[in-house]
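Structure first, then comments.
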Protein chains: 2
Amino acid sequence: MVKICNYGFDESFVEEHRDMHGIAYTQNVLSGRYKNLILWYLKENDRRFGEIKKFLTSVSQGSLTKQLRELESDEIITRTVYPEVPPKVVYGLSKKGKDLMPIIDMMEEFGKKHGR
Amino acid sequence: MVKICNYGFDESFVEEHRDMHGIAYTQNVLSGRYKNLILWYLKENDRRFGEIKKFLTSVSQGSLTKQLRELESDEIITRTVYPEVPPKVVYGLSKKGKDLMPIIDMMEEFGKKHGR
DNA sequence: CCGTATCCATTTAGATACTG
DNA sequence: CAGTATCTAAATGGATACGG
């Protein structure tokens with residue numbers, strides 16, 4: 001399938017499904033092993049790369065970088081580099097990312113209610 | 001990583017992150033290329049296998065079956081077989097699945113607002 | 001400290017053929 | 001009609017080594 005729009009559905013599919021365009025987009029933004037957890041963690045505070053890595057005990061550095069880059073390019077999170085030695089990089093929610101928080105909250109609620 | 005609880009995080013991780021147990025569970029339930037779209041489609045009406053397949057123009061039969069089986073085993077959807085010839089199988093939202101609808105709605109809304 | 005690059009393992013999905 | 005079985009392709013994530 002040829003991808004357009006960075007969210008995994010081809011042109012004709014999107015054309016035929018204008019109605020559900022939105023849900024496909026959001027699914028793509030959130031698709032990724034750790035993205036929900038990262039956003040949940042950023043909800044309370046901005047965090048440094050190392051903090052996030054430590055929080056997600058089992059993620060590899062490469063995978064974490066990839067997920068953060070995707071969230072950044074989707075403009076869900078911001079990335080601020082402090083030109084120090086050693087370097088310091090802080091991640092935080094963008095305005096768009098904050099718009100996502102009600103969804104994160106409801107996912108948390110649903111899981112709390114129905115998860116084992 | 002050893003999987004427990006069918007949602008991709010190992011025992012020690014879950015133990016250390018009781019707080020966010022819920023979000024990990026929900027992410028797992030919704031993870032899958034077409035699950036959001038299927039749920040969105042079932043929101044209005046119960047649907048037959050063939051209808052869903054036709055709606056998701058690009059999904060293969062095997063993939064669709066897999067996604068439906070997962071949603072069924074997570075008790076998000078119900079599957080009703082009518083013993084006719086030719087067979088008729090109808091999928092619908094369970095009570096738990098209906099609990100998911102506010103999340104689906106908000107995802108749709110977010111995407112409508114922010115997606116290109 | 002916070003990455004990138006490379007390679008490899010696992011997971012997930014599509015294509016095709018066949019069946020009650 | 002609504003599957004199952006098998007094979008293959010693609011996407012995703014982990015491990016390791018190295019760099020500014």
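Worth knowing before you read on, the calculation uses all heavy atoms, side chains too, and leaves out hydrogens, waters and symmetry mates. A note on names: the letters A, B, ... follow the listed sequences, proteins ahead of strands, and every chain is numbered from 1.
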Would you kindly give the [atom1]-to-[atom2] distance between [X] and [N], to the nearest whole Å?
| X | N | atom1 | atom2 | answer |
| --- | --- | --- | --- | --- |
| A:Glu84 | C:dC1 | CD | P | 12 Å |
| B:Leu37 | C:dA13 | CG | P | 12 Å |
| B:Arg69 | D:dA5 | CZ | P | 11 Å |
| A:Lys53 | D:dG14 | NZ | C1' | 10 Å |
| B:Glu72 | D:dA2 | CD | C1' | 13 Å |
| A:Lys88 | C:dG3 | NZ | C1' | 17 Å |
| B:Leu56 | C:dA13 | CG | P | 12 Å |
| A:Lys54 | C:dG3 | NZ | P | 18 Å |

Residues that B:Lys43 engages under side-chain hydrogen bond (donor to acceptor under 3.5 Å, both in side chains), provided they are two or more places apart:
B:Asp105
Distance below 4.0 Å between A:Arg33 side-chain N/O and C:dT11 OP1 or OP2:
no
Ignoring backbone atoms, establish whether A:Arg48 has a side-chain N or O less than 4.0 Å from OP1 or OP2 of C:dC2.
yes
Check every strand shown and say whether B:Lys66 touches a base, only sugar-phosphate, or nothing at a heavy-atom separation below 4.0 Å.
base
Which part of the nucleic acid, if any, lies within reach of A:Tyr91 when heavy atoms closer than 4.0 Å are counted: base, sugar-phosphate only, or nothing?
sugar-phosphate
Contact pattern, 5' to 3', of nucleotides 15-20 of chain C - B, S or - by protein heavy atom under 4.0 Å
-----B
How about CD on B:Glu44, more than 12 heavy atoms from neighbouring residues, nucleotides or ligands closer than 6.0 Å, or not?
no
More than 12 heavy atoms of other residues, nucleotides or ligands under 6.0 Å from CD of B:Glu72: is that the case?
yes
Give me the other members of the hydrophobic cluster that B:Val90 sits in, counting Ile, Leu, Val, Met, Phe, Trp and Tyr linked by side-chain heavy atoms under 4.5 Å, directly or via other members.
B:Tyr82
Distance-minimising heavy-atom pair for A:Leu68 and A:Ile77:
O-CD1, 3.6 Å
Rounded to 10 degrees, the angle between the two terminal axes of the helix from C:dC1-D:dG20 to C:dG20-D:dC1, each from five pairs:
50°
Those residues that, when tested against B:Tyr91, pass ring-ring contact (aromatic ring centres under 6.0 Å, His included) (two or more places apart):
none
Any Lys/Arg nitrogen of B:Lys112 or B:Glu108 sitting under 4.0 Å from an Asp/Glu carboxylate oxygen of the other?
yes
Under a 3.5 Å distance rule, please check whether B:Gln27 uses its side chain to pair with a backbone N or O of A:Gly32 as donor and acceptor.
yes
Quick note, A:Val89 side chain, CB onward, closest among C:dT4, C:dC2, C:dA13 is C:dC2
List the atom pairs, with distances to 0.1 Å, where a side-chain N or O of residues 45-53 of chain B and a protein N or O form a donor-acceptor pair under 3.5 Å, not counting sequence neighbours.
{"residue": "B:Arg47", "atom": "NE", "partner": "B:Tyr41", "partner atom": "O", "Å": "3.4"}
{"residue": "B:Glu51", "atom": "OE1", "partner": "B:Arg48", "partner atom": "N", "Å": "2.8"}
{"residue": "B:Lys53", "atom": "NZ", "partner": "B:Val59", "partner atom": "O", "Å": "3.1"}

